[in-house]
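Scroll down for the structure; my scribbles are underneath it.
Naming convention: chains lettered A, B, ... in sequence-line order (proteins, then strands); numbering from 1 in each chain.
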2 protein chains.
Amino acid sequence: MNIKILAEQLNLSISTVSRALRDSYEISEPTKARVRAMAKQLNYRINPYASSLRRHRSKTIAVLIPEITNNFFSQVINGIEYIAQEKNYHILIYITHEDVRKEIEFAHHLHNGRVDGVLMSVSAETNNYDHLNELMESGVPIVFFDRICESIETSSIITDDFESGFAATEHLFQCGCRRIGFFGLFEHLSISRKRYEGYLAALKKYGINKDDDLIVRSGNDIAANEAAITKVLTSANKPDGAFASIEKMAIASYNVCKRLDIDIPSQLKLISFSNLEISTLLNPSLTTITQPAYEIGKQAAMQLFRYLEKKLYMNRHEKIVLKSSLIPRQSTKKTHSA
Amino acid sequence: MNIKILAEQLNLSISTVSRALRDSYEISEPTKARVRAMAKQLNYRINPYASSLRRHRSKTIAVLIPEITNNFFSQVINGIEYIAQEKNYHILIYITHEDVRKEIEFAHHLHNGRVDGVLMSVSAETNNYDHLNELMESGVPIVFFDRICESIETSSIITDDFESGFAATEHLFQCGCRRIGFFGLFEHLSISRKRYEGYLAALKKYGINKDDDLIVRSGNDIAANEAAITKVLTSANKPDGAFASIEKMAIASYNVCKRLDIDIPSQLKLISFSNLEISTLLNPSLTTITQPAYEIGKQAAMQLFRYLEKKLYMNRHEKIVLKSSLIPRQSTKKTHSA
DNA sequence: TAAAAGTTCGCAAACGTTTTCGCAAATAAA
DNA sequence: TTTATTTGCGAAAACGTTTGCGAACTTTTA
């Protein structure tokens, strides 16, 4: 079943049928109606590969994310999917598992026109962006979200990470904490840096000296993370509050506290970036900084389509900043310490 | 940059270059090496659309799922992705949001060769499978996972839902429950039926009469679900235990109990199907039936590739059953009732 | 030594679209 | 009426691959 057969059935030329199906102005309304009717009757579907080959557009976008079993990213995908469906676009998904080599491999594979554009959050390991620059230069627009790449001239959708880091730390201070830990991600990740800077700024504002012993940098290895947290929480100068700049570290902290029988919030107050739907059901419920993940996905996709529809030209460094919200719960509840 | 330019640079014919790149036996090893070197040097990437058009294979599979912000499905995707990467396949993702009309729309769109095969879990609303039968008949193999479609002759990957439903109910009984509720999904969903039958069988084994007042059927509307649960938990003959056949209902139950000040597990014991990583951190920790989601994804993908590689012929009704595991936690802890 | 078989490659026809160009016929303007 | 312009459509050349077939050359077999 192809357009040729369809044309024969209609006694029309292939070109006329093609144009009719694309609703070209060159075709009369009656002819279009005939074509549409016959196409429906014969259950004709256009061949996307022939079409893409000829038009140099795939009607497909790629989404590159570091992980998928994480509410933040799955909510982002939901937002992306919403916009993509509106535009009749398809979504190819690639998961890097925080592995730069995979990210590079994917980037190279996308050089060939398989997708019209890319939405991505860089892997935590990534600190060289050549593969992404090359992709951009080959004409594939990239829009970053959350974990962006400052050095590439394109749009990104981020949240107010500095302010959130500041607010989280301030919140802990206001709840009585004076020794505030930072449990964060790798240093070179954009979001982590910003959150950390916000943390430092808040410490400064309240006249607290930064203490490197209270800072934990997480990797991908859960056991290692928990070990690092355990070390901090059992040290002589242990923190009375902690700001987890990533959900993974909050979970790890809960586990460690459970194991060490450290009570949250009386012995340790905890606030974390998180998009868990059930923060409220944790024991105790977790005070979170929650990012508007769904909206991030939507905005990122919309921005990409602005490039694809040439409403926006590439190499315009544009940042869209959405606001996260701090939701106080039990894990930072003020307690009357001894 | 295309194969033509590559061929000119090499002083070879296009066909030789093509064959060399595909590692054909017809090309000598020295020539292959030359071609590969030049391809690398010129940064040549094959055009996937031209290739797909010519070969009638897309190296792409579609994954159709009802939702993505759910650990079960995102873990399944991880499993699928693992196998797909091994096979150098790409993954298109389609989310139905439990909407049959979207499912039908997606199924129709996939008639055109965009994908070589489909992996899917049907939407809860689906009870007519014509669109899927048509897709199969048009030559696109479908492998179902979890929410399968019994009436279509193909492979499916499921878990031992009857046994799990039985075990869950039995577990509640053994923890002292005598009035056991069932909080489940729509009737016509395969998994829900099986789990429900397991529930009934366990009741029967222990001589408990089924009580329709203890059965809640969930929809997509969270508020409505919570209202229904509230009604049951505040009725005169309220249950002393409940089996949630879907995670959503367990969350709703926690919320309702919190609101009504019903203590879990002393006043209500709760067990639920769930793939939450943090069931252990809930208050109280949740006893779960956990499905091997990652493995389900892998198996489903592997089975699909058996079709694609013609190692398995379509229309073979084959079911692969994996085992879920019951993990007892605080929410079903035996209590000394008054 | 001739025939058969094997090796290595090129020609050209697909695959199913889209689109440029062109050409009639119909309509509008002069 | 003649000359432009518009309207509706068709022929054919792309798009970048893959592959059946055959040519030329080399090696093996009879």
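Backbone-only contact: B:T31 has heavy atoms under 4.0 Å from sugar-phosphate atoms and none from a base.
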> How does protein contact run along nucleotides 14-20 of chain D, one letter per nucleotide 5' to 3', with B for base contact, S for sugar-phosphate only, - for none, heavy atoms under 4.0 Å?
Replying inline: BBBBBBB
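A salt bridge links A:K32 with A:D23: the closest approach of a Lys/Arg side-chain nitrogen to an acidic carboxylate oxygen falls below 4.0 angstrom. With respect to the salt-bridge test (charged N to carboxylate O, under 4.0 angstrom), the residues B:K102 and B:E125 do not qualify.
For an aromatic pair to be called close, the ring centres must be under 6.0 Å apart, and B:H131 with B:F106 fails this.
Protein atom CD of B:E26 is 18 Å distant from nucleotide atom P of D:dC25, rounded to whole Å. Rounded to a whole Å, the CG atom of A:L6 is 12 Å from the P atom of C:dT18. B:L12 places its CG atom 8 Å from the C1' atom of C:dC9, with the value rounded to the nearest Å. The nearest whole Å value for the distance from the CD atom in A:E8 to the P atom in D:dG10 is 13 Å.
No side-chain heavy atom of A:T69 sits under 4.5 Å from any side-chain heavy atom of B:Y294.
With 3.5 Å as the limit, one finds no donor-acceptor pair spanning the side chains of A:T96 and A:E103.
Between atom CG of residue A:L64 and atom CZ of residue A:F145 there is a gap of 9.0 Å, rounded to the nearest 0.5 Å.
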